[in-house]
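Numbered from 1 within each chain, the chains take letters A, B, ... in sequence-line order.
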Amino acid sequence: MIKFFLMVNKQGQTRLSKYYEHVEINKRTLLETEVIKSCLSRSNEQCSFIEYKDFKLIYRQYAALFIVVGVNDTENEMAIYEFIHNFVEVLDDYFSRVSELDVSFFSAVSQVFHTSWQRTG
Amino acid sequence: MVASSLKLQELIQEIREAKTQAQEREVIQKECAHIRASFRDGDPLHSHRQLAKLLYAHMLGYPAHFGQMECLKLIASPRFTDKRVGYLGAMLLLDERQDAHLLITNSIKNDLSQGIEAVQGLALCTLSTMGSAEMCRDLAPEVEKLLLQPSAYVRKKAVLTAVHMIRKVPELSDIFLPPCAQLLHERHHGILLGTVTLITELCERSPAALKHFRKVVPQLVHTLRTLVMTGCSTEHSVSGVSDPFLQVQILRLLRILGRNHEESSETMNDLLAQVATNTDASRNAGSAVLFETVLTIMDIRSAAGLRVLAVNILGRFLLNSDRNIRYVALTSLLKLVQSDHSAVQRHRPTVVECLREPDASLSRRALELSLALVNSSNVRTMTQELQGFLESCPPDLRADCASGILLAAERFAPTKRWHIDTILRVLTTAGTYVRDDAVANLIQLIGGAQELHAYSVRRLYSALAEDISQQPLVQVAAWCIGEYGDLLLEGTCEETEPLQVGPALGVHRGGTCEGRQGRPQGHSLCPPPLRKVEEDVVLALLERVLQSHMSLPATRGYALTALMKLSTRLHGDNNRICQVMSIYGSCQDVELQQRAVEYNALFRKYDHLRAAVLEKMPLVERGGPQVNEAAKESKEVAQLSEAAPVPTETQVRGPGYPWGKSMVQLPYPALTLLPSLQASKLLDLLDLLDGPSENAQHPPPLDPTPGDTLIHLLDLPCTPLPSAPIPNLKVFEREGLQLTLSFVRPPGTPTLLLITVTATNTSGGDVTHFICQVAVPKSFQLQLQAPSGDTVPAQGGLPMTQLLRILNPNKAPLRLKLRLTYDHFGQSVQEIFEVNNLPVETWQ
């Protein structure tokens with residue numbers, strides 16, 4: 001099951017975040033910085049699945065933006081990996097060649113995100 | 001009062017222009033103040049804009065709870081733009097913990113019953129994101145109605161909302177069960193995907209639902225087959241695979257339905273094979289589907305051929321260059337290794353290759369898998385690889401690797417010498433990371449290997465001479481030098497087997513080193529050129545250990561005792577040793593001071609006892625450390641009697657001990673008497689000779705904590721004696737040869753029965769070549785252990801015994817069929833008979 005979905009850039013600024021379990025608001029920023037730190041420290045050579053506390057992080061990098069999904073043990077990591085790419089393709093279609101700038105002016109992204117994708121577990 | 005409100009874009013622009021965190025905070029706080037004011041005053045035209053800005057601030061991490069009521073207002077407004085932002089706000093800001101969330105139930109209900117698709121969609125979306133249990137219960141009927149709406153968009157959203165509701169309130173499954181079967185016939189993939197998820201949730205939560213849905217397995221199989229076989233429509237294809245998400249979800253559902261159910265598993269077998277062969281694994285989407293297929297095959301009751309196919313797919317994944325795929329393969333192989341061990345063994349070389357990955361997640365998985373794959377035939381090569389890995393691995397993996405190697409060596413060591421070498425090597429490379437009892441185990445091992453004393457002490461001495469920083473190594477070396485110092489100084493230092501000099505790692509890239517099976521593995525630690533070891537040098541080394549800052553107090557204790565023991569072993573005079581003892585008589589550390597003072601006393605007043613006290617230690621039993629720990633806790637007899645049961649349990653644990661309770665042999669009541677006698681003798685000895693003898697007895701852990709004995713007492717299985725012994729049964733008698741069965745039902749395992757077959761011979765002639773074979777009915781499992789001998793001597797000589805272990809999971813009545821063949825009075829006799837009159841207590 002998916003626990004959270006983040007789009008964070010390399011400087012650590014969160015562009016989009018969605019939590020499927022209640023996390024305190026101050027803990028969220030902490031979580032995001034830690035997650036981005038572990039993703040940034042990986043090189044190209046390493047695999048995209050990290051074990052972090054009691055979840056698994058599946059991340060993909062698109063230019064300067066990292067999309068990170070946190071899941072629990074029962075999830076098929078490769079399906080989630082594929083799903084991240086699917087989501088980016090949808091955004092690409094909607095904005096016609098999406099860039100980080102589009103994502104940061106988030107209202108549209110958020111709408112797209114929340115209405116077209118519900119937690120399907 | 002109503003300042004010209006910024007548009008969201010402008011706010012974001014401002015935030016981006018802020019150079020520092022403080023500036024950003026200022027901008028946001030100013031804006032939030034504006035927003036609060038505007039909410040208070042109520043500005044219907046722009047309130048959605050204000051809320052949008054507030055949501056953005058919320059995402060950045062600033063508090064936004066004052067926007068909750070505004071969300072409610074916006075949801076209730078008739079305009080779509082307002083509703084949209086309102087619902088978005090509700091999803092982000094309201095959740096179960098807020099009291100306000102129930103207030104939107106009514107709004108949602110109204111919106112759901114209006115006919116406008118977009119609005120219904122919004123409402124459903126919000127409900128599925130933050131719906132609490134009460135809300136779900138209230139709105140379930142509405143959602144159910146929407147499941148049958150003509151519009152596909154709404155139906156899809158309704159299904160997804162149903163999934164959420166089931167998760168929150170499992171009792172609602174009655175409402176959502178009936179529509180599922182019909183929804184499965186949908187053509188729209190979105191709805192199909194949602195329905196499959198819904199069914200998955202229903203099945204996971206209720207076994208009744210699970211049974212109900214087994215009927216749909218053929219339908220699912222058909223759908224999946226069409227997906228796989230027909231060429232993919234451009235609408236649903238993801239890099240050449242048609243709708244991998246749906247495929248994965250269907251496979252997951254099939255897995256749940258097929259678990260532990262023969263019939264469904266059979267229907268799926270063909271399909272799974274088809275999916276496995278037809279899916280193109282060159283892209284990630286295909287690999288994802290294949291991975292899910294493998295997981296499904298592993299879980300259901302699949303045919304053997306299919307399982308082999310699954311393992312082969314995983315093997316292929318392992319060879320893939322994409323690290324993600326390799327990670328996934330290693331994880332699944334780890335799950336498989338318990339059940340299909342031999343199949344996974346085939347891929348061992350590749351797994352070992354993965355140890356060398358720079359990626360931490362991969363190497364950790366590879367380490368776990370390699371440790372699981374070690375068995376008696378490949379232990380030498382695997383240990384070699386693992387030791388190479390130990391030298392280069394990151395620190396957090398070292399502890400696991402070291403203990404893994406030690407455990408594997410313990411289980412499968414081909415020779416004692418190899419075992420000692422391996423432990424030595426691990427201690428040299430990763431000494432600080434080994435578990436505490438590694439020192440104890442090594443000492444016990446060396447003590448037991450009589451012929452290797454000289455060899456071990458020399459190796460340890462040279463290791464110590466090189467490096468005194470690794471504490472466990474130093475402790476073991478000090479102990480050995482103390483015990484076997486005389487062997488160290490004896491003349492010839494030749495090695496009985498040639499050692500391979502040179503780096504151990506570089507030689508075998510690419511996996512197997514089968515060719516080296518016959519010879520002991522190379523050691524990266526080469527002993528110095530063979531020369532006679534001088535007494536003074538040994539003493540100097542031990543003194544160096546004593547004085548070094550790196551030595552722990554425990555290590556110093558070892559060194560001090562070793563020095564003392566050397567006073568009897570060496571031939572030179574003992575002035576040097578006496579000097580050391582008197583210096584340490586005023587040491588700051590109380591433990592060392594006590595020892596030094598006692599040893600001093602040994603030198604002066606009790607010199608006649610010295611040789612006897614410092615003799616070579618007898619071999620310490622594995623259970624020994626606990627006995628001595630208990631004794632050291634307190635000398636009172638009361639505690640001694642409490643401690644006596646402890647060694648009986650642990651001593652009978654035998655060689656399985658380091659693995660913990662999973663490999664405990666069940667204690668036999670008859671044997672509990674003997675160890676307790678031993679234990680009490682040991683404890684008497686300790687009472688006789690105070691301080692020094694205690695240290696001479698010396699098991700390694702020097703910091704006994706009171707908690708330890710309690711733990712040992714508490715985590716043992718309860719009382720060894722059964723409540724009422726089962727009477728023996730005589731089953732056979734012929735010409736003086738009698739066969740008797742005695743029964744034991746260990747209290748810990750109700751399905752286990754231990755039978756001891758005893759053959760006694762009261763006749764005049766010996767019974768030779770005695771073989772007893774036993775058969776049991778099908779539902780039982782029988783294990784026959786080796787007999788004590790095959791001759792039963794005449795005139796009531798030593799009876800022959802043989803142990804049978806019978807597992808009776810169904811508690812069925814036990815019957816035995818015995819077949820005896822033996823020679824008696826020059827004739828060979830064969831007897832076959834059944835035993836049906838076994839007492840009821842044996843199988844109930």
Interatomic distance, A/Y81 atom OH to B/N284 atom CG [nearest 0.5 angstrom]: 6.0 Å
Separation between CD (A/E51) and OG1 (B/T331), nearest 0.5 Å, reads 7.5 Å
Identify the heavy atoms of B/V248 and A/A79 that sit nearest to each other, and give their distance. CG1-CB, 4.4 Å
Can you tell which part of B/Y87 gets under 4.5 Å to a heavy atom of chain A, answering side chain, backbone, both or neither? neither
Going from CE on B/M59 to CE on A/M7, what distance comes out if it is rounded to the nearest 0.5 angstrom? 10.0 Å
In terms of heavy-atom contacts, B/V328 and A/E77 come closest through CG2-OE1, 3.7 Å
If you round to the nearest 0.5 Å, how far is CG of B/L362 from CZ of A/F49? 10.0 Å
Shortest non-hydrogen pair, B/A285 vs A/E82, comes out as N-OE1, 3.3 Å
Heavy-atom cut-off 4.5 Å, strictly under: side chain, backbone, both or neither for A/T29 against chain B? side chain
Rounding to 0.5 Å, atoms CD (A/Q13) and CD (B/E24) come to a distance of 7.0 Å
